Amino acid sequence: MTLEITPLDAALGATVSNIDLSNPLSADSVAAIHDAWLQHIVLVFRGQSLSDPQLLDFTRYFGELEYPPYKLLNYSQGSGQKNDIPVEINVISNVIENGKKIGQLGASEAKWHTDTPFVERPPSASVLHALEIPPTGGNTSFMNMYAVLEALPAAIRARVEGKRCKHDVSHTSDGVLRHDYEESKDASECPGPWHPLIRSHPESDRKALYLGKRLYAYIEGLPIDENEELLDEIWAIAERPEFSYEHVWTKGDVLMWDNRCAMHRREAFDGNERRIMHRSQLRGDVPA
Ligand code: OGA
Ligand code: MN
């Protein structure tokens, strides 16, 4: 059985088949997966069945594990996750048990974002394993940020070249105020780290546009109305369907994506249905 990599018919993504991620991987397999990940940005592994330790073992082949946001930000509410979940695992779920949420993100839309850009060193990868999925809805789309950068008209590119963007930590990607923060509606006043808008990928050496989320993003030096106008123009280009791949989940899927050159969004689904995904993260670099 040799591992097979099949590019998707889309702006990004490849399927990796003939591999069982619950087994130890050969050095050749790890190298092939790593190369494919750098080239295709999102990898899709179907038909997997991983325990949390197995998901973490798989992730560790590609670097150092990173903690989920609740731990990086030290949420005062804690994670809400059950006690038997390892601290490096982020449960993404709408399920409520005994009146308590077992995970994050609920059942509504999760707007376009990159994972955890609101820390100094955002995770390089997220690895998401589908344990339970609803019959319809909850598809997750991915956007190729190398391609978006290349598509920017020269006049817009000139306005973002060399500029930094502030990545607001106080709101979620859907604009909801996080518990531990104070509300400001002015993006220039929201707290968060600055990252370059055009970042050089440390492994591929390619340049990608780095947007964390649309709401409360702030480009340095701009009056707030100009900031909103420029971001709207950029986002109108980014959201063209030609730059994305929409994944329809099957139970057992494992998706591994590169946060340094991709954004993703999750569509809503019926909140009466159960959806449970377990996610691991890889430690990244300071964006440069
Ligand atoms: C995530 C995320 C999408 C989904 O895990 O970072 O955005 O499909 N999840 O639930
Ligand atoms: Mn996400």
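Whatever order the structure lists them in is the order used to number ligands and atoms, beginning at 1. Model, not experiment: these values are computed from the prediction.
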Any idea which N/O/S atom from D115 gets closest to the Mn ion (ligand 2)?
OD1
Taking 4.0 Å as the limit for heavy-atom contacts, which would you say applies to W257 with ligand 1: side chain only, backbone only, both, or neither?
side chain
To check your reading of the model: name the closest protein heavy atom to atom 4 (C) of ligand 1, its residue, and the distance in Å.
R266 CG, 3.2 Å
Looking at I92, which atoms of ligand 1 are within less than 4.0 Å of one of its heavy atoms?
5 (O), 10 (O)
Are there over 12 heavy-atom neighbours, none belonging to N98, within less than 6.0 Å of that residue's CG?
no
Given that the side chain starts at C-beta and the backbone is N, CA, C, O, which of these parts of L105 lies under 4.0 Å from ligand 1, counting heavy atoms, or is it both or neither?
side chain
Tell me: protein heavy atom nearest atom 6 (O) of ligand 1, and distance?
R279 NH1, 2.6 Å
Please check if atom CD in E242 has more than 12 non-hydrogen atoms from other residues, nucleotides or ligands closer than 6.0 Å.
yes
Any salt bridge linking E109 with R265? Criterion: basic side-chain nitrogen under 4.0 Å from a carboxylate oxygen.
yes
Quick one: do E220 and R164 make a salt bridge, cutoff under 4.0 Å?
yes
With a cut-off of 6.0 Å (strictly less than), are more than 12 heavy atoms of other residues, nucleotides or ligands near CG of D9?
no
Part of H113 with heavy atoms under 4.0 Å of ligand 1, whether side chain, backbone, both or neither:
side chain
With the threshold set at 4.0 Å, does a side-chain nitrogen-carboxylate oxygen contact exist between R178 and E183?
no
Under 4.0 Å from one or more heavy atoms of H264, ligand 1 contributes atoms 1 (C), 2 (C), 6 (O), 7 (O)
Can you report which non-hydrogen protein atom sits closest to atom 8 (O) of ligand 1, along with the distance?
T140 OG1, 2.5 Å
protein heavy-atom neighbour closest to atom 10 (O) of ligand 1 works out as R275 NH1, 2.8 Å
Considering only NZ, NE, NH1 and NH2 on the basic side and carboxylate oxygens on the acidic side, decide whether D168 and K213 come within less than 4.0 Å.
yes
With a cut-off of 4.0 Å, which atoms of ligand 1 are near a heavy atom of D115?
6 (O)
Salt bridge check, R260 against E203: does any charged N sit closer than 4.0 Å to a carboxylate O?
yes
